Number of protein chains: 2
Amino acid sequence: MTLNTETEQKIIASAEKLFYQKGKAGCSMQDIADDAGINRTLLNYYYRSKDQLFEAVFRQAMGSFVPNLAAMLKSDMPFQDYVQDLVETVIDTMLESPQIPIFVLQELSSNPARMPQIMKEMGVDPSLAIEKMTEEGRVPEAMGMDPRQVILNLMSLCIFPFAARAVVSEVLYDGDQEVFLEAMEERKKLIPQIVKQIMK
Amino acid sequence: MTLNTETEQKIIASAEKLFYQKGKAGCSMQDIADDAGINRTLLNYYYRSKDQLFEAVFRQAMGSFVPNLAAMLKSDMPFQDYVQDLVETVIDTMLESPQIPIFVLQELSSNPARMPQIMKEMGVDPSLAIEKMTEEGRVPEAMGMDPRQVILNLMSLCIFPFAARAVVSEVLYDGDQEVFLEAMEERKKLIPQIVKQIMK
DNA sequence: GTCTATATTGTGATAGAC
DNA sequence: GTCTATCACAATATAGAC
């Protein structure tokens with residue numbers, strides 16, 4: 001998926017920005033063209049339809065974090081060794097593109113039937129992952145917790161603050177985005193500590 | 001906000017359903033009217049505009065969980081006493097209307113400027129809440145964590161699994177919604193245990 | 001590849017009959 | 001309160017000139 005022409009790059013950049021912000025139905029082809037500073041019909045020339053342009057943006061967004069998840073689910077290494085790396089990777093991804101989680105979750109929520117197909121395309125076999133995860137010692141017993149709950153907790157702690165950024169930064173950090181970002185940086189150390197504490 | 005006529009109830013029910021699922025821009029007035037089985041112009045008769053209909057639905061959604069948050073932030077009681085109740089209340093709310101979190105987060109994410117005003121209307125004073133929270137002993141020291149991080153962790157653990165339900169149920173529970181719901185029930189006990197463990 | 005012009009359909013909203 | 005008819009406009013998409 002290399003973007004050849006300069007125009008094509010401008011289109012994808014603007015489409016990403018506006019789709020992330022307003023959703024698929026929330027912005028028009030005209031909006032995207034205006035943001036990119038090009039003629040509207042060029043969008044159709046390059047991507048044929050709004051649906052296909054959205055598809056390109058959505059798949060790129062999925063591709064930015066599914067591999068992380070997949071790697072963790074598929075790996076044979078002990079769980080703890082992954083936590084620090086995973087947390088850092090995921091949080092860094094969110095810091096770079098803070099709007100990805102809400103964008104992806106909204107699309108999947110209004111179209112949940114897409115999930116199985118996407119998982120398949122991205123090389124994640126859910127039932128295989130679960131099997132591996134529940135193998136003895138793969139994800140260590142923590143307070144008698146199901147291993148899936150451990151994974152879910154980890155993901156919740158990493159992703160939710162970004163999905164809820166508007167609320168969180170307003171209610172907890174009085175609207176100060178700098179302080180919010182510092183807090184997110186802090187969580188890179190904090191979350192692994194929590195996991196370690198729970199594992200004890 | 002009592003809904004008088006039968007028609008009005010049908011409208012709100014359908015608007016809720018479709019706005020939750022597809023977002024404000026993702027469904028038309030015609031869609032809502034069709035779902036409610038009534039004439040499209042009645043929507044304008046009762047709510048004047050799409051904006052005002054959306055506002056009614058959005059405010060109702062906010063009202064279903066902001067009071068819980070506000071109560072916790074404002075209360076003088078020790079933090080631990082609230083955790084069990086709060087977790088149960090929040091998870092029960094999510095179980096009843098699983099689409100609320102993603103709906104609210106999406107709207108606030110594309111329109112973050114609304115947050116301060118909404119907080120004010122709902123009687124939550126952020127800076128006051130923070131002040132109270134950081135008072136000695138209000139939210140207990142946990143692993144040297146900032147009290148705001150504790151709150152954020154708690155909310156993340158409760159809400160994220162529902163916001164990400166499509167992904168979670170597919171990847172971790174192989175698409176089985178029954179098993180997913182059981183896991184969410186289990187979290188009512190599990191999350192307070194985690195909090196307790198971290199507080200030690 | 002990029003533009004203008006245009007076809008076609010959908011949308012929110014209102015006026016006015018019943 | 002509920003309907004039909006209608007308005008003004010915005011949307012996606014394509015055809016065809018350059």
Side-chain angles (χ1 to χ4, degrees), chain A residues 1-61 99 103 106-107 109-111 114, chain B residues 1-61 99 103 106-111 113-114:
Chain A
M1 174 71 113
T2 28
L3 300 175
N4 299 320
T5 73
E6 194 198 346
T7 303
E8 218 168 341
Q9 288 175 38
K10 281 196 271 184
I11 292 175
I12 277 289
S14 294
E16 225 169 60
K17 175 178 151 192
L18 292 180
F19 281 145
Y20 282 9
Q21 223 169 76
K22 304 282 183 187
K24 179 182 182 172
C27 67
S28 68
M29 295 288 264
Q30 186 68 63
D31 293 337
I32 296 169
D34 289 350
D35 188 90
I38 57 166
N39 191 288
R40 202 186 74 246
T41 56
L42 289 180
L43 300 186
N44 289 305
Y45 176 75
Y46 282 103
Y47 291 92
R48 251 199 92 74
S49 71
K50 189 184 187 182
D51 274 347
Q52 288 186 44
L53 176 55
F54 179 83
E55 247 353 75
V57 172
F58 178 68
R59 278 169 196 283
Q60 192 163 305
Q99 315 209 32
F103 168 71
Q106 156 66 27
E107 168 63 13
S109 158
S110 53
N111 206 344
R114 296 194 56 175
Chain B
M1 173 75 111
T2 28
L3 301 176
N4 299 320
T5 72
E6 193 198 348
T7 303
E8 219 168 341
Q9 288 175 37
K10 282 197 270 184
I11 291 175
I12 276 288
S14 294
E16 225 169 61
K17 174 178 152 191
L18 292 180
F19 281 144
Y20 282 9
Q21 223 168 76
K22 305 281 184 188
K24 179 183 184 172
C27 67
S28 67
M29 296 288 265
Q30 186 67 64
D31 294 336
I32 296 169
D34 289 350
D35 187 271
I38 58 165
N39 190 288
R40 194 170 52 80
T41 57
L42 288 180
L43 299 186
N44 289 305
Y45 176 76
Y46 282 103
Y47 291 91
R48 254 196 85 77
S49 71
K50 189 184 186 182
D51 274 346
Q52 288 187 42
L53 176 55
F54 179 83
E55 249 350 78
V57 171
F58 178 68
R59 277 169 195 284
Q60 192 163 306
Q99 315 209 33
F103 168 72
Q106 156 66 26
E107 168 62 13
L108 291 177
S109 157
S110 53
N111 206 346
R114 297 194 56 174

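Just so it is clear: chains get the letters A, B, ... in the order the sequence lines come, proteins before strands, and each one is counted from 1. Every heavy atom of this structure was used, including side-chain atoms; hydrogens, water molecules and symmetry mates were not. If you're wondering where the values come from, they're calculated on a predicted model, not measured in any experiment.
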Ignoring backbone atoms, test whether B:T7 places a side-chain nitrogen or oxygen under 4.0 Å from the OP1 or OP2 oxygen of D:dG1.
->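 Checking D:dG1 against B:T7, no side-chain N or O comes under 4.0 Å of OP1 or OP2.
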Looking only at side-chain N and O atoms, does A:N39 come under 4.0 Å of OP1 or OP2 in C:dT2?
->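 No, because none of the side-chain N or O atoms of A:N39 sits under 4.0 Å from OP1 or OP2 of C:dT2.
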Expected output: side-chain A:K50 to main-chain A:L43 donor-acceptor under 3.5 Å =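 Here the side-chain-to-backbone pair does not exist.
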Could you grab the distance from atom CG of A:D35 to atom CG of A:L18, nearest 0.5 Å is fine?
->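 Nearest 0.5 Å value for the CG-CG distance: 5.0 Å.
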Using atom [atom1] of [X] as one end and atom [atom2] of [N] as the other, report the distance to the nearest whole Å.
{"X": "B:Q52", "N": "C:dA13", "atom1": "CD", "atom2": "C1'", "answer": "12 Å"}
{"X": "B:L18", "N": "C:dT11", "atom1": "CG", "atom2": "P", "answer": "13 Å"}
{"X": "B:D34", "N": "C:dG12", "atom1": "CG", "atom2": "P", "answer": "12 Å"}
{"X": "A:L43", "N": "C:dT4", "atom1": "CG", "atom2": "P", "answer": "14 Å"}
{"X": "A:Y47", "N": "C:dT2", "atom1": "OH", "atom2": "P", "answer": "13 Å"}
{"X": "A:I38", "N": "C:dC3", "atom1": "CD1", "atom2": "P", "answer": "8 Å"}
{"X": "B:L42", "N": "C:dG12", "atom1": "CG", "atom2": "C1'", "answer": "15 Å"}
{"X": "A:I32", "N": "D:dT12", "atom1": "CD1", "atom2": "C1'", "answer": "12 Å"}

Classify the side-chain pair A:N44/A:T41 by whether it contains a donor and acceptor separated by less than 3.5 Å.
->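 Looking only at side-chain atoms, A:T41 and A:N44 do not form any donor-acceptor pair under 3.5 Å.
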Can you figure out which of [options] approaches the side chain of [X] most closely?
{"X": "A:T41", "options": "C:dG12, D:dA5, C:dC3", "result": "C:dC3"}
{"X": "A:S28", "options": "C:dT2, D:dA11, C:dG12", "result": "D:dA11"}
{"X": "A:K50", "options": "C:dT2, C:dT4, D:dT12", "result": "D:dT12"}
{"X": "A:N44", "options": "C:dT14, C:dG1, D:dA13", "result": "D:dA13"}
{"X": "A:Y46", "options": "C:dT6, C:dT2, C:dA13", "result": "C:dT2"}

Does B:R48 pair with B:E55 as a salt bridge, N-O distance under 4.0 Å?
->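 Looking at B:R48 and B:E55, the cut-off is not met.
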Should A:F103 and A:F19 be marked as a ring-ring contact (aromatic ring centres under 6.0 Å, His included) after you check the CA-CA gap, both sets of side-chain angles, and the distance that decides it?
-> CA-CA 8 Å; A:F103 168 71; A:F19 281 145; 7.1 Å; no
A:R40 or A:Y45, whichever maps to the more 5' nucleotide of DNA chain C =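 By nearest-heavy-atom nucleotide position, the 5'-most residue is A:Y45.
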